[in-house]
Number of protein chains: 2
Amino acid sequence: MKKRVSIKDIAEAAGVSTALVSYVLNNKEKEARVGKEIAIKIRDIAKQLNYQPNQLAKSLKSGKSYTIGLIVADISNPFFANIARTIEDEAKKNNYTVIFGSSDENAEKSKDLIDVLVNRQVDGFIIAPTENSQEQIKDLESRGIPLVLIDRYFPGISTNYVATDNFEASVDVVNHLVENGHKRVGLVTYDSDLINIKERQRGYEEALRKHGISVNPSMIAKIRFGNIEEDIPARINALLEGDKPVDSIFFATNTLALNGLKHINTLDYKVPQDLGIVCFDEGDAFDFFYSPLTHVYQPLFEVASKAVNVLIEQINDTQSPKKELIIASELIIRKSSGA
Amino acid sequence: MKKRVSIKDIAEAAGVSTALVSYVLNNKEKEARVGKEIAIKIRDIAKQLNYQPNQLAKSLKSGKSYTIGLIVADISNPFFANIARTIEDEAKKNNYTVIFGSSDENAEKSKDLIDVLVNRQVDGFIIAPTENSQEQIKDLESRGIPLVLIDRYFPGISTNYVATDNFEASVDVVNHLVENGHKRVGLVTYDSDLINIKERQRGYEEALRKHGISVNPSMIAKIRFGNIEEDIPARINALLEGDKPVDSIFFATNTLALNGLKHINTLDYKVPQDLGIVCFDEGDAFDFFYSPLTHVYQPLFEVASKAVNVLIEQINDTQSPKKELIIASELIIRKSSGA
DNA sequence: ATGAAAGCGCTAACAC
DNA sequence: GTGTTAGCGCTTTCAT
């Protein structure tokens with residue numbers, strides 16, 4: 001790599017000190033009362049030499065990197081990729097750049113990523129926290145590093161977060177199914193302590209009870225994060241077999257629905273006649289499922305853009321009060337949940 | 001943000017100079033012949049104080065940021081999100097971190113992104129270049145900044161690149177369609193000068209000619225990047241209407257296929273009986289299309305991981321010869337292209 | 001109106 | 001074995 005031009009090169013070329021160059025190029029000529037002509041000359045030379053300021057040096061000096069660290073479960077998952085895109089755009093508007101990493105829902109990877117990004121002096125974090133990462137989050141908090149959690153959060157820890165109302169959304173789902181004549185609603189969810197997952201189950205159970213339907217553990221299929229391919233067929237078959245098979249399935253996430261429907265497609269069930277289906281989130285995939293899917297629409301754009309705004313607020317004023325934002329989701333009713 | 005602990009704090013606490021601390025924490029005690037006990041003491045204190053090296057300072061000093069700049073068209077597009085994920089993993093293996101940006105196929109945005117990332121002293125770039133960004137690429141080259149293009153490249157510019165063989169893949173597609181009895185193959189592609197797009201059309205045309213079928217411009221639908229929603233229905237209808245309607249459609253990209261199939265689904269055509277379909281790339285979406293899609297599988301993992309490896313090679317040795325890698329794709333034959 | 005110089009955190013050549 | 005110091009590129013205080 002060729003030698004880059006620095007402020008010093010410009011100063012020499014202009015026959016002035018580096019101080020003047022710095023003032024001019026940062027548009028502080030007024031405060032510093034730099035001579036009109038000198039200013040013009042400096043700008044000229046800077047342009048000629050194609051001067052590009054070294055952001056690293058600036059950051060080192062100022063203690064501010066204008067960088068946001070983004071940690072999601074998996075950047076290749078459309079759910080997070082969409083969030084990432086919005087965060088990127090929103091960050092750019094504020095002159096921030098985004099460094100990202102994927103945790104794979106793994107607390108150790110998450111810790112490593114946080115360390116790396118802290119070392120890189122990110123000004124703050126946006127994190128979709130993994131299970132068992134409470135200590136990492138607490139640690140960031142105690143070090144006073146600005147932080148916003150998204151999608152999930154930890155009720156016991158005081159942090160900024162932006163998430164959707166998973167409980168209410170799930171209540172809506174079950175209400176809708178029951179009102180459409182489904183009495184035996186199965187839930188396919190993850191075996192996880194993440195609050196978003198737990199809230200979805202809580203909403204499901206609460207709504208059933210409200211309808212006088214007792215919650216039956218055998219109607220809840222818990223899939224292990226790393227074992228989707230293996231668990232899905234087995235657990236769904238279990239829901240559909242036995243003496244009291246489910247008449248509808250509520251998929252707690254996008255990925256579960258995708259895999260679940262692929263499996264159901266191999267079976268002899270017609271949706272919604274034989275089996276009602278509702279799921280969380282959308283997906284291009286679902287546009288081609290023969291029976292358009294009733295689903296929970298989470299306003300990801302809003303989640304992501306608010307997360308950035310809250311974070312930048314915190315960065316600019318560490319004292320600013322913690323924001324805990326819960327955004328409503330919307331139940332989009334299509335054919336798959338019909339009677 | 002609380003004051004972070006620096007090498008100086010450790011030095012003071014240990015009653016030694018910063019030099020020793022630096023040596024020890026970088027495992028250079030041998031070369032520097034640091035005392036055994038002092039070394040242990042330094043490490044102890046570092047751990048106690050939870051010392052985290054300031055990567056910015058290191059980079060400023062060393063001129064190496066261990067950061068890769070990644071510019072894709074849109075990180076929320078699964079095609080690029082997948083590439084990004086592989087790049088992230090491969091980079092991490094080599095102790096690199098990734099900063100990304102989305103160009104939206106827009107040369108101006110691309111230029112801005114490059115500037116920002118250059119200022120941040122990325123050690124090198126991986127770029128899926130937009131149309132009309134030749135000058136930007138040349139500029140990076142002339143400044144000696146390591147660079148690998150992916151997915152597309154510019155034949156006139158000598159750069160590293162990793163792409164797939166779009167020409168051959170398209171030839172395979174058309175051969176396959178014609179051999180399955182499709183004589184009037186339509187092409188739905190972008191109105192673009194990007195080499196990957198052009199090569200796909202060239203392959204399509206060449207293969208038709210080889211079969212003695214003359215290329216008819218009216219059978220090629222060119223969609224404008226920003227106008228997919230609008231162009232797709234109109235242009236596809238045009239292909240299907242008239243006195244010489246197509247009997248099959250070759251979609252040149254994922255996104256085009258997704259939108260195209262949605263439209264076709266609203267029409268009265270049965271795939272493959274009434275209309276053969278082949279497309280580039282996969283998608284969860286296609287798993288639910290009633291007629292499983294014959295498609296071109298591009299080995300994205302290979303493209304992305306090779307890109308990282310080539311880039312790191314270049315970073316480590318700017319003199320190392322330019323690598324131009326073309327990887328073969330594979331035609332996956334399913335039902336949608338049947339007779 | 002301009003320049004000298006300290007210092008952000010770190011490394012490494014050099015001196016002792 | 002260990003410490004001193006210059007310097008990476010930049011900002012900013014303080015002299016002049």
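- Residue Ile38(A) is classed as a sugar-phosphate contact, given heavy-atom separations below 4.0 Å to backbone atoms only.
- Atom NZ in Lys61(B) sits about 17 Å away from atom P in dG7(C), given to the nearest Å.
- Minimum heavy-atom separation, Leu140(A) to Leu147(A): CD1-CD1, 4.1 Å.
- The 5' end of DNA chain D is approached more closely, in terms of each residue's nearest nucleotide, by Lys36(B) than by the other of Leu60(B) and Lys36(B).
- In this structure, Asn82(A) and Ser76(B) approach most closely via the heavy-atom pair OD1-CB, 3.7 Å.
- Comment: Lys138(A) does not engage Glu141(A) in a salt bridge, judged by the lack of any side-chain N to carboxylate O separation of less than 4.0 angstrom.
- Residues Val34(B) and Ser62(B) both approach DNA chain D. Their nearest nucleotides, taken by heavy-atom distance, put Val34(B) toward the 5′ side.
- An OP1 or OP2 oxygen of dT13(D) is reached within less than 4.0 angstrom by no side-chain nitrogen or oxygen of Tyr23(A).
- Distance CD1 (Ile10(A)) to P (dT2(C)): 16 Å, rounded to an integer number of Å.
- Atom CZ in Arg33(A) sits roughly 16 Å away from atom P in dT16(D) (whole-Å rounding).
- When each of dA12(C), dT12(D), dC10(C) is scored by its nearest atom to the side-chain atoms of Lys28(A), the top-ranked nucleotide is dT12(D).
- Note on Lys58(B): only backbone sugar-phosphate atoms sit closer than 4.0 angstrom, heavy atoms only; bases stay farther off.
- Here Ser6(B) lies in heavy-atom contact (under 4.0 Å) with sugar-phosphate atoms only.
- The phosphate of dT11(D) (OP1 or OP2) has a side-chain N or O of Asn26(A) nearer than 4.0 angstrom.
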